Amino acid sequence: YNQLIPFFNKNNISFCEHEEHFQLGKDIFDNVNKCLTQSRRVVAVLSPSFFQSGYCTRDLEAARGHAAHNGMQDFVIAINLKECVIPSKYTYIRNSTYADLSKDVNDERKWHQIMTAFTDFHLATVMTEIRFVREMRPVEQDLDFV
């Protein structure tokens, strides 16, 4: 976490973080939902305390629900900064590619992957089917020209 926020600031990646960006006095779930709807990506910073926190796991499920409802792929980006066991109920995290910095927080390749995840957006391809309807007219008989 201490490496992630400076990384975002250094690379001009805007982010929403509860201590800095949540509106005081507003319901916490409304703050979370506002950030979710305004985000192109959500970061799950994996650690033992992440999986023990009711707030973190609810936020993760809210992000997954938002992504599913809006047809968004690759919305949740998981980053493992501290070695931890991912509980079996989160198999979708284990089955997705995530940045594991738990053994070497200075791994440049991983930081490059993180940078790419937040800066390389592919626009959805929209395919439009165009149908040409040929107007059907009765075929006139060939006429002999004199």
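Small disclaimer: the values here were computed from a predicted structure and weren't measured. Atoms considered below: every heavy atom in the structure, side chains included; atoms not considered: hydrogens, waters and symmetry mates.
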Check: Phe8 ring centre within less than 6.0 Å of Phe118 ring centre: yes
Polar side-chain atom of [X] near backbone of [Y] as donor-acceptor pair, under 3.5 Å:
| X | Y | result |
| --- | --- | --- |
| Trp111 | Val105 | yes |
| Asn31 | Gln23 | yes |
| Ser53 | Cys56 | yes |
| Asp30 | Lys26 | no |
| Ser39 | Val42 | no |
| Asn70 | Met72 | no |
| His66 | Ala62 | no |
| Asn11 | Ile13 | no |

Gln38 and Lys34: CA distance, side-chain angles, deciding distance, side-chain contact (heavy atoms from CB on, under 4.5 Å) verdict: CA-CA 6 Å; Gln38 295 177 350; Lys34 180 181 178 189; 3.6 Å; yes
Check: Leu60 and Tyr90 side chains under 4.5 Å, non-hydrogen atoms: yes
Side chains of Phe51 and Val85 in contact at under 4.5 Å (non-hydrogen atoms): no
Worked verdict on Ile93 versus Leu46 for side-chain contact (heavy atoms from CB on, under 4.5 Å): CA-CA 10 Å; Ile93 293 176; Leu46 308 179; 3.8 Å; yes
Candidate pair Phe75 and Leu36, rule side-chain contact (heavy atoms from CB on, under 4.5 Å), full reasoning: CA-CA 10 Å; Phe75 185 63; Leu36 281 177; 4.0 Å; yes
Exceeds 12 heavy-atom contacts within 6.0 angstrom, atom NZ of Lys10: no
Mind checking what makes ring pair (Phe, Tyr, Trp, His ring centres under 6.0 Å) contact with [X], not counting sequence neighbours?
| X | answer |
| --- | --- |
| His112 | none |
| Tyr98 | none |
| Phe22 | none |

Stacked cation flag Arg64 on Tyr92, 6.0 angstrom / 45 deg: yes
Full working for side-chain contact (heavy atoms from CB on, under 4.5 Å) between Cys35 and Glu17: CA-CA 9 Å; Cys35 284; Glu17 191 267 335; over 6 Å; no
Presence of salt bridge, Arg58 and Glu61, under 4.0 angstrom: no
Let me confirm one number: the [atom1]-[atom2] distance from [X] to [Y], rounded to the nearest 0.5 Å.
| X | Y | atom1 | atom2 | value |
| --- | --- | --- | --- | --- |
| Asp100 | Gln113 | CG | CD | 10.5 Å |
| Ser14 | Asn9 | OG | CG | 10.0 Å |
| Ile114 | Leu4 | CD1 | CG | 6.5 Å |

